[in-house]
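Have a look at the structure below, then the notes.
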Number of protein chains: 2
Amino acid sequence: MVELQTPQLDSIFHALGDSTRRRMLFELADGERTVGQLAEPFSISLAAASKHIKALENAGLIRREIHGRTHLCRLEPGPLASAHNWLGFYERFWTERLGVLEQLLRMEDSGKTTDPEGDDS
Amino acid sequence: MVELQTPQLDSIFHALGDSTRRRMLFELADGERTVGQLAEPFSISLAAASKHIKALENAGLIRREIHGRTHLCRLEPGPLASAHNWLGFYERFWTERLGVLEQLLRMEDSGKTTDPEGDDS
DNA sequence: AAGACAGTCAACCATATGGTTGAATGACTG
DNA sequence: CAGTCATTCAACCATATGGTTGACTGTCTT
């Protein structure tokens, strides 16, 4: 369903790999925020915050609506769902119930499993 | 409840933000692999692969067992579960069923005002 | 029109990242 | 013991990243 391509996951996970950006997402979970509002909790310059926001936007994690001189940002759940879905592939490894049995089956099966990566270089 | 150990998430998501490393994880989902085996599918030096593996190990995503001169790597699901769990916080945003209603409730709840007049460009 | 305000852009800087090559460490093999 | 094999380490390089400051664009206010 949510088959995504490698470069997208790259930018998504990269964007999530920064606590400032994760914090911003968390704020956005509560509703729309302007760039200034997103920047405010951090002791970094507006320009720096702007870059973070751009990274989030670039990863598709947020969307921006320009209202006059203010930019309103909102959470865009799609990429989060993609990442969640990608991780879901590994769920059986921490859902220990059938883990061992399942691995045995996999080894026997041995064939190509669905690569969550979608395509590959 | 949802806010997790920030530095750990940093390294986890950072490790996942590289397709080479994701591919390695995928291989490891099929069973243990040596460093050489993990490196083989890529056209990079062993040293480079070693660095990737170190990043994965550093994020706790894999564990290494040294058997003589070979290092056997295995998937460590915990951090993947953490990341999955972290993303789960946002699940309601892509589980659209109640999404709109929920957002309305949230807005009322927090009195955020932010009434978007004409909300669209 | 003047000025404040929201935000981006550009230049710059330090550090991190991903890659390379060549040497070093350690463990099997003959 | 000598040599090969599996891996890491160290030095190095180019590029990316995250941060800063100052100038710039464009919008709202008065």
Side-chain angles (χ1 to χ4, degrees), chain A residues 6-25 27-28 32-59 61-74 120-121, chain B residues 6-25 27-28 31-59 61-74 113-121:
Chain A
T6 309
Q8 306 206 34
L9 281 175
D10 279 1
S11 62
I12 294 168
F13 280 126
H14 172 258
L16 295 179
D18 182 289
S19 68
T20 299
R21 293 191 284 261
R22 286 198 306 276
R23 178 88 185 275
M24 285 176 166
L25 284 183
E27 290 296 320
L28 289 171
E32 299 183 328
R33 294 283 188 279
T34 68
V35 169
Q37 288 173 327
L38 285 174
E40 184 258 342
F42 307 99
S43 49
I44 57 177
S45 66
L46 235 191
S50 179
K51 284 190 193 174
H52 280 301
I53 291 169
K54 245 177 109 178
L56 290 167
E57 199 178 12
N58 175 269
L61 287 161
I62 70 176
R63 210 175 70 200
R64 182 191 308 236
E65 244 172 58
I66 301 179
H67 283 213
R69 61 179 164 181
T70 74
H71 296 200
L72 218 39
C73 302
R74 80 167 48 159
D120 184 44
S121 55
Chain B
T6 312
Q8 304 208 37
L9 283 175
D10 279 1
S11 61
I12 294 168
F13 280 127
H14 171 259
L16 295 179
D18 181 289
S19 68
T20 298
R21 291 190 286 260
R22 286 198 305 277
R23 181 84 186 275
M24 286 176 166
L25 284 183
E27 290 296 322
L28 288 171
E32 299 183 329
R33 293 284 188 279
T34 69
V35 169
Q37 287 174 329
L38 284 174
E40 184 259 340
F42 307 100
S43 50
I44 58 177
S45 66
L46 238 190
S50 179
K51 284 190 193 174
H52 281 300
I53 292 169
K54 243 177 110 178
L56 290 168
E57 198 178 11
N58 176 268
L61 287 161
I62 71 177
R63 209 175 72 198
R64 182 190 309 236
E65 243 172 58
I66 301 179
H67 282 213
R69 61 182 164 181
T70 74
H71 296 200
L72 217 41
C73 303
R74 81 168 46 157
T113 319
T114 334
D115 181 18
E117 338 91 63
D119 91 303
D120 185 39
S121 56

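Chain letters run A, B, ... following the sequence lines, proteins first, then strands; residues in each count from 1.
A sub-4.0 Å separation between OP1 or OP2 of D:dG18 and a side-chain N or O of A:Arg21 is present. For A:Ser45, a side-chain nitrogen or oxygen approaches OP1 or OP2 of D:dT20 to under 4.0 Å. Under 4.0 angstrom from either OP1 or OP2 of D:dT7 there lies no side-chain N or O belonging to B:Ser50. Note on A:Thr20: every side-chain N or O is 4.0 Å or more away from OP1 and OP2 of D:dG18. In this structure, B:His52 does not reach the C:dG18 phosphate: none of its side-chain N or O atoms is under 4.0 Å from OP1 or OP2. Neither OP1 nor OP2 of C:dA6 sits under 4.0 Å from any side-chain N or O of A:His67. Under 4.0 angstrom from either OP1 or OP2 of D:dC9 there lies at least one side-chain N or O belonging to B:Lys54.
Rounded to an integer number of Å, the gap from B:Leu46 CG to D:dT8 C1' is 10 Å. Between the P atom of D:dA16 and the CG atom of A:Asp10 lies a distance of 13 Å, rounded to the nearest Å. B:Asp18 has its CG atom 18 Å from the P atom of D:dT15, to the nearest Å. Taking atom CD1 on A:Ile44 and atom C1' on D:dT17, their separation rounds to 13 Å, with Å as the unit. In this structure, CD of B:Glu65 is placed 16 Å from C1' of D:dA6, rounded to the nearest angstrom. In this structure, CD1 of A:Ile53 is placed 14 Å from P of C:dA6, rounded to the nearest angstrom. Rounded to whole angstrom, the span from the CG atom of B:Leu72 across to the C1' atom of D:dT7 amounts to 13 Å. Taking atom CZ on B:Phe42 and atom C1' on C:dG18, their separation rounds to 13 Å, with Å as the unit.
Relative to the side chain of B:Arg64, the nucleotides C:dG7, C:dG18, D:dT8 differ in distance, and D:dT8 lies closest. Closest to the side chain of B:Ala47, out of C:dT21, C:dA11, D:dT7, is C:dT21. The side chain of A:Thr34 has C:dG7 as its nearest neighbour among C:dG7, D:dT20, D:dT7. Of the candidate nucleotides C:dC28, D:dT20, C:dT21, C:dC28 has the atom lying nearest to any side-chain atom of B:Arg69.
Side-chain atoms of A:Ile12 and B:Leu16, non-hydrogen and from C-beta on, never get closer than 4.5 Å to each other. Taking the side chain as every heavy atom from C-beta outward, A:Arg21 and A:His14 approach each other to under 4.5 Å.
Comparing B:Ala55 and A:Gln37 against DNA chain C, the residue whose closest nucleotide sits nearer the 5' end is A:Gln37. Toward the 5' end of DNA chain D, the nearer of the two residues A:Ser43 and A:His14, judged by each one's closest nucleotide, is A:His14.
Atom-to-atom distance recorded for B:Leu38:CG and B:Arg33:CZ is 7.5 Å, nearest 0.5 angstrom.
The two residues A:Arg64 and A:Ile53 make their nearest non-hydrogen contact at NH2-CG2, 3.4 Å. Nearest heavy atoms, B:Ile44 versus B:Ala49: CD1-N, 3.8 Å.
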Q | Derivation and outcome, side-chain contact (heavy atoms from CB on, under 4.5 Å), residues A:Asp10 and B:Ser19 | A | CA-CA 7 Å; A:Asp10 279 1; B:Ser19 68; 3.9 Å; yes

